[in-house]
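Input: a single structure, listed below in structure tokens.
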Amino acid sequence: MDDLKSLGKSAPYEFSYNPEILETFENRHPGNDYWVKFNCPEFTSLCPITGQPDFAAIYISYIPDIKMVESKSLKLYLFSFRNHGGFHEDCVNIIMKDLIGLMEPRYIEVWGKFTPRGGISIDPYCNYGKPDTRFVEMAEFRMMNHDLYPEKVDNR
């Protein structure tokens, strides 16, 4: 873990989208399937049309393989969206694809719960299962069933 650049150090915040901030470390339990979940309730980006800020809780859940994302680098990476102009759907897909490229997880899903603007909220969801594994079937199942019982929304 000595090669981690941001952990335990004061790191400057990037104000433009920057996936190069992301860092990994070795999964110490590669023989186990287990979930890692990040709840990121203070995500912000900008509307690419109006430039107005968008706020969301981003939920990232994954089953690691060999590499895992280091949490402080993830926090700095998510902060780098602060001045990024991207639609909600675009942001969650970019986050997922960047994490796939970084870690090559067995399975990952990213769900954005954006606060309303103009009286409507948008909650994009995307997922991925590693090709040629049982996690492809899992991704298909979760995609078809992820929101059959949506939560009661009374806080936004």
Side-chain angles (χ1 to χ4, degrees), residues 1-14 16-45 54-82 84 86-115 121-156:
M1 287 204 203
D2 292 335
D3 56 341
L4 295 175
K5 295 179 185 109
S6 60
L7 184 62
K9 299 173 185 80
S10 178
Y13 284 91
E14 296 275 340
S16 297
Y17 164 71
N18 184 0
E20 294 176 15
I21 295 170
L22 290 166
E23 297 182 292
T24 63
F25 62 95
E26 188 174 324
N27 179 5
R28 293 187 179 182
H29 305 280
N32 297 350
D33 287 334
Y34 62 97
W35 287 99
V36 177
K37 184 172 183 178
F38 293 102
N39 301 310
C40 315
E42 298 175 344
F43 179 83
T44 60
S45 61
D54 290 316
F55 302 91
I58 301 289
Y59 301 98
I60 301 166
S61 300
Y62 74 100
I63 300 172
D65 197 359
I66 304 302
K67 294 188 248 177
M68 300 177 71
V69 66
E70 191 279 315
S71 61
K72 183 173 181 182
S73 75
L74 179 64
K75 176 178 71 169
L76 295 171
Y77 163 76
L78 292 173
F79 187 87
S80 81
F81 278 83
R82 175 61 189 95
H84 174 74
F87 292 113
H88 305 338
E89 301 85 352
D90 188 38
C91 289
V92 299
N93 277 280
I94 288 171
I95 292 167
M96 183 183 74
K97 288 177 181 178
D98 285 345
L99 291 172
I100 291 168
L102 178 77
M103 299 184 295
E104 300 177 9
R106 295 174 187 167
Y107 176 83
I108 189 168
E109 58 190 34
V110 179
W111 197 344
K113 303 246 180 193
F114 285 80
T115 57
S121 63
I122 301 173
D123 295 347
Y125 169 88
C126 56
N127 74 8
Y128 161 88
K130 193 171 207 171
D132 302 319
T133 70
R134 62 192 168 111
F135 297 102
V136 171
E137 187 176 325
M138 179 181 172
E140 291 171 358
F141 179 82
R142 288 180 72 90
M143 179 59 73
M144 294 300 142
N145 295 286
H146 90 280
D147 205 16
L148 289 177
Y149 307 101
E151 79 281 9
K152 178 182 173 194
V153 178
D154 59 6
N155 64 343
R156 51 182 173 140

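Starting from 1, each residue takes its place in the sequence as its number. Below, each value reflects all heavy atoms present in this structure, side chains not excepted, and no hydrogens, waters or symmetry copies.
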Original post:
Listed by chain and number, what are the side chain to side chain donor-acceptor pair (under 3.5 Å) partners of Tyr125, not counting sequence neighbours?
Top reply: Tyr107, Glu109, Asn127
**OP:** State which residues pass salt bridge (Lys or Arg N to Asp or Glu O under 4.0 Å) with Lys75; sequence neighbours excluded, sorted by chain then number.
**Re:** none
Below 3.5 Å, can you tabulate the donor-acceptor pairs from side chains in residues 30-38 to any protein atom, sequence neighbours excluded?
residue : atom : partner : partner atom : Å
Asp33   : OD1  : Arg106  : NH1          : 2.5
Asp33   : OD2  : Arg134  : NH2          : 2.1
Tyr34   : OH   : Asn27   : OD1          : 2.6

Original post:
Would a 4.5 Å heavy-atom cut-off, applied to side chains only, mark Arg142 and Met144 as touching?
Top reply: no
**OP:** Quick one: closest heavy-atom pair of Tyr128 and Ile100, and the distance?
**Re:** CG-CD1, 3.3 Å
Subject >> Smallest separation among heavy atoms of Cys91 and Gly86, with atom names >> reply: SG-O, 3.8 Å
Subject >> Where Val92 and Pro124 come nearest, the two heavy atoms and their spacing >> reply: CG2-CB, 3.7 Å
**OP:** Drop me the distance from Phe114's CZ to Ser121's OG, to the nearest 0.5 angstrom.
**Re:** 10.5 Å
Original post:
Which residue pairs pass the salt bridge (charged side-chain N to carboxylate O under 4.0 Å, His left out) test with at least one member in residues 87-103, sequence neighbours excluded?
Top reply: none
Subject >> Closest non-hydrogen atom pair between Cys126 and Asn93, with its separation >> reply: CB-OD1, 3.7 Å
Subject >> Within-4.5 Å side-chain heavy-atom neighbours: Phe87 and Ile122 >> reply: no
Original post:
Can you check whether Leu22's main-chain N or O pairs, donor with acceptor, with Ser73's side chain at less than 3.5 Å?
Top reply: no
Original post:
Does the side chain of Met103 come within less than 4.5 Å of Ile108's, by heavy atoms?
Top reply: yes
Subject >> Listed once per pair and sorted, the ring pair (Phe, Tyr, Trp, His ring centres under 6.0 Å) pairs that draw on residues 55-77, sequence neighbours left out >> reply: Tyr77-Phe81
Original post:
Looking at side-chain heavy atoms only, is the closest gap between Pro19 and Ile21 below 4.5 Å?
Top reply: no
Subject >> Atom pair CE/CE of Met143 and Met138 - distance to nearest 0.5 Å >> reply: 12.5 Å
Original post:
Are Phe43 and Ile95 close enough that some pair of their side-chain heavy atoms sits under 4.5 Å apart?
Top reply: yes
Original post:
Nearest 0.5 Å, what's the CD1-OG distance between Ile58 and Ser45?
Top reply: 8.0 Å
Original post:
What distance do Thr24 atom OG1 and Leu99 atom CG have between them, rounded to the nearest 0.5 Å?
Top reply: 11.0 Å
Subject >> Glu20 side, atom CD; Leu76 side, atom CG - distance, nearest 0.5 Å >> reply: 14.0 Å
**OP:** Indicate the atoms forming the closest heavy-atom contact of Gly129 with Ala139, along with that distance.
**Re:** N-CB, 3.6 Å
**OP:** Only counting residues at least two apart or in another chain, list the ones meeting side-chain contact (heavy atoms from CB on, under 4.5 Å) with Glu104.
**Re:** Lys130
Original post:
Are the side chains of Asp54 and His88 in touch, meaning some heavy atoms are under 4.5 Å apart?
Top reply: yes
